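Down below is the structure, laid out as structure tokens.
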Amino acid sequence: MKDLEHLHSWNANWRDLRVVVLGLGVTGFSVADSLAELGCKVLVIAETADVELIDILDVIGVEHIVGEDASGVPQGLIDFKPELVVTSPGLKPDHVLIDWAARGSIPIWVDIELAWRLRDKTSKVAEWIAVTGTNGKTTTVQMVEAMIRKGGFRVASCGNIGTPILDAIRDPEGFDVLVVELSSFQLHYVKHIEPFASAVLNLADDHLDWHGSFQAYADAKAKIYENTKFACVYNINDLATEKMVENADVLEGARAIGFTTGLPGRSQVGFVEDLLCDRAFLDDRANSALEIATLEDLSNIGVLTPHLMANAAAATALARSFGIQPAEIRQALIEFRLDAHRIELVGEYGGVRWIDDSKATNPHAASASLNSFERVVWIVGGLLKGVDLSDVIQKYSSRFSTAIVIGKDRQPVLESLAANAPECQIIEISDSDQVMHDAVKAAKNSAKPGDVVLLAPAAASMDQFRDYADRGNQFADQVRIQMEQI
């Protein structure tokens with residue numbers, strides 16, 4: 001078996017290494033394609049796969065077992081005798097193929113690990129800025145990317161979003177910086193990376209069904225700080241993230257940099273009245289601060305919420321760690337726009353605002369939305385992923401005028417609302433092909449001037465919708481259709 005510890009460069013001898021790739025989505029294909037280019041012997045195993053991708057595998061000489069033949073532990077996998085498995089990060093640690101590889105002492109990587117080892121393919125070797133957290137990852141990564149681009153550097157967002165990271169490291173022109181969004185699934189499998197800067201934005205219950213416990217979930221997130229070279233960015237308002245930095249084995253010289261929606265202390269980024277300020281990356285940080293942007297600048301992005309302010313502060317800390325100047329960061333923020341379905345104003349009718357935050361797929365994200373509005377008609381529910389909504393319901397119960405409950409896992413939501421928000425009107429929407437039509441109709445009949453109708457389901461969407469975007473689009477469509485009927 002080849003010694004994988006010597007494989008830390010594109011120019012190392014990867015030839016004839018026997019690698020199994022689990023999954024054939026966009027990421028799985030990029031893994032298989034990269035390994036084939038290196039001269040590895042590659043076998044792809046996927047229960048579902050695009051026919052066009054399978055045809056390309058045939059062209060580049062990659063073996064594959066797909067469809068029903070990929071169930072269980074295929075004999076073809078056993079006969080292949082792999083020396084390495086590169087898995088889709090979505091496969092749980094107790095998946096039959098992961099378990100088979102682990103019992104056989106076969107190393108298990110994800111594309112992130114492979115990309116780190118291959119990052120020197122071009123003469124321009126990018127620094128990595130790594131971001132994780134329960135919520136806000138994508139927005140923060142996109143902000144950092146925009147800021148660094150304003151600074152004149154060639155940059156790409158990748159990892160859990162954007163370009164597959166193996167495609168980024170194989171780009172012929174190379175990049176100065178890769179801003180890498182990392183999920184807890186990816187971090188669970190990552191063995192070693194060395195980010196220039198890293199951040200955990202926040203930590204709350206999520207994906208407990210995948211990790212098995214909150215501690216295992218937190219431990220996965222904390223791995224992002226390991227071996228950080230320059231700046232470990234943490235959330236002043238989330239003690240767990242600070243503890244992660246304190247416990248991390250970082251490289252010599254790495255600094256702890258806090259971000260906050262309140263007043264920044266020394267080595268922090270935060271807000272002084274209506275100004276976003278840096279007290280971390282300047283010589284006289286004990287006595288002064290650099291003005292970065294105003295709240296008015298941030299309000300151009302979208303609905304100005306504490307969550308958006310926190311994301312902007314975290315992104316600023318990461319960009320400043322790389323030397324991006326305040327004026328460049330401000331201009332990037334002025335021009336930045338949120339992706340759809342992230343606290344997005346659909347419209348205002350009769351004094352009622354309709355907000356689409358379908359991306360709020362867990363309680364922590366929903367909490368960020370609920371914290372932004374005083375009186376709410378809340379559309380909630382879906383697939384709960386093993387989490388309990390009781391804490392968020394209890395915390396914001398005084399803000400609910402009505403709760404409209406949708407989704408497969410309605411019963412625990414209904415019980416929690418009854419126990420923790422007894423004065424809230426509760427409306428249950430039964431399963432049907434018209435679930436969003438019925439939910440919007442119920443909200444229209446319940447909302448009063450000054451209310452916000454908030455789609456922040458605190459749950460995944462795949463029980464009744466294709467994904468969170470489909471859920472948000474159906475909400476927006478129904479709002480516009482039904483409001484025109486008033």
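Bear in mind that the values here come from a model prediction, so they are computed numbers and not experimental data. Positions are given from 1 along the sequence.
Around the CG atom of D433, the shell of radius 6.0 Å holds no more than 12 heavy atoms that belong to other residues, nucleotides or ligands. For K408, the NZ atom is loosely surrounded, since the number of other residues' heavy atoms within 6.0 Å does not exceed 12.
Not counting sequence neighbours, the partners of F400 by the ring pair (Phe, Tyr, Trp, His ring centres under 6.0 Å) test are W378. Looking at residues two or more places apart in sequence or on another chain, you find a side chain to side chain contact (heavy atoms under 4.5 Å, CB included) between R375 and S401, K448, D451.
Scanning both residues, A403 and L417, for their nearest heavy atoms gives CB-CD1, 3.7 Å. The minimum heavy-atom distance between D111 and T27, with the atom names listed, is OD2-CG2, 3.4 Å. Closest approach of G25 to L53, counting heavy atoms only: O-CD1, 4.3 Å. Looking at every heavy atom in both residues, G381 comes nearest to A459 through C-CB, 3.7 Å. Scanning all heavy atoms of the two residues, the minimum distance from K385 to T361 falls at NZ-O, 3.2 Å. Nearest heavy atoms, C232 versus V245: CB-CG1, 3.9 Å.
Proximity of a side-chain donor or acceptor of T228 to a complementary backbone N or O of Y225 within less than 3.5 Å is detected. Between the side chain of D238 and the main chain of L203, a donor-acceptor pair closer than 3.5 Å is present. A donor-acceptor pair under 3.5 Å is absent between the side-chain atoms of D69 and the main chain of I65, judged by distance alone.
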Audit row: D99, R103, salt bridge (Lys or Arg N to Asp or Glu O under 4.0 Å) steps and yes/no | CA-CA 6 Å; D99 180 65; R103 285 189 289 105; 2.9 Å; yes
List the steps, then state whether side-chain hydrogen bond (donor to acceptor under 3.5 Å, both in side chains) holds for Q478 with Q474.
-> CA-CA 6 Å; Q478 284 300 319; Q474 289 197 35; over 6 Å; no
Walk me through it: do H307 and N371 pass the test side-chain contact (heavy atoms from CB on, under 4.5 Å)?
-> CA-CA 9 Å; H307 189 57; N371 187 50; over 6 Å; no
Assess whether side-chain hydrogen bond (donor to acceptor under 3.5 Å, both in side chains) is satisfied between H192 and E194, documenting all intermediate values.
-> CA-CA 7 Å; H192 185 93; E194 295 179 11; 2.9 Å; yes
Any chance you could lay out the side-chain hydrogen bond (donor to acceptor under 3.5 Å, both in side chains) test for S184 and K221, step after step, and finish with the verdict?
-> CA-CA 6 Å; S184 61; K221 292 289 191 186; 4.7 Å; no
Stepwise salt bridge (Lys or Arg N to Asp or Glu O under 4.0 Å) check, E226 with K223 | CA-CA 5 Å; E226 296 296 319; K223 289 171 70 175; over 6 Å; no
Derivation of the salt bridge (Lys or Arg N to Asp or Glu O under 4.0 Å) call for K150 and E335 = CA-CA 10 Å; K150 276 295 177 187; E335 296 174 4; 3.2 Å; yes
Could you go step by step and tell me if H341 and Y468 meet the side-chain contact (heavy atoms from CB on, under 4.5 Å) rule?
-> CA-CA 8 Å; H341 315 299; Y468 76 83; 4.1 Å; yes
Going through the distances and angles, do L201 and N235 end up as a side-chain contact (heavy atoms from CB on, under 4.5 Å)?
-> CA-CA 6 Å; L201 303 176; N235 187 342; 5.8 Å; no
R342 and D357: CA distance, side-chain angles, deciding distance, salt bridge (Lys or Arg N to Asp or Glu O under 4.0 Å) verdict | CA-CA 5 Å; R342 288 168 167 82; D357 195 17; over 6 Å; no
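Side-chain contact between L263 and F271: absent, with no pair of heavy atoms (C-beta onward) separated by less than 4.5 Å. Side-chain contact between V352 and V453 is present, with heavy atoms from C-beta onward closer than 4.5 Å. Looking at T139 and L338, their side chains come closer than 4.5 Å, going by heavy atoms from C-beta outward. For the pair E52/F29, no side-chain contact is recorded, criterion being any heavy-atom separation below 4.5 Å from C-beta on. Between V269 and R279 the shortest side-chain heavy-atom distance does not fall below 4.5 Å. N227 places none of its side-chain heavy atoms less than 4.5 Å from the side chain of V250. By the 4.5 Å heavy-atom criterion applied to side chains, E296 and D274 are not counted as neighbours. Residues W128 and I165 are in side-chain contact: their nearest non-hydrogen atoms beyond the backbone lie under 4.5 Å apart.
Rounded to the nearest 0.5 angstrom, N135 CG and N362 CG are separated by 4.0 Å.
Ring planes of F153 and F322: perpendicular class, angle over 60° (limits at 30 and 60°).
A side-chain donor from one of Y396 and S367 sits under 3.5 Å from a side-chain acceptor of the other. In this structure, a donor-acceptor pair under 3.5 Å is absent between the side chains of T163 and D167. In summary, the side chains of S157 and E181 do not present any donor paired with an acceptor at a separation below 3.5 Å, with no hydrogens or angles considered.
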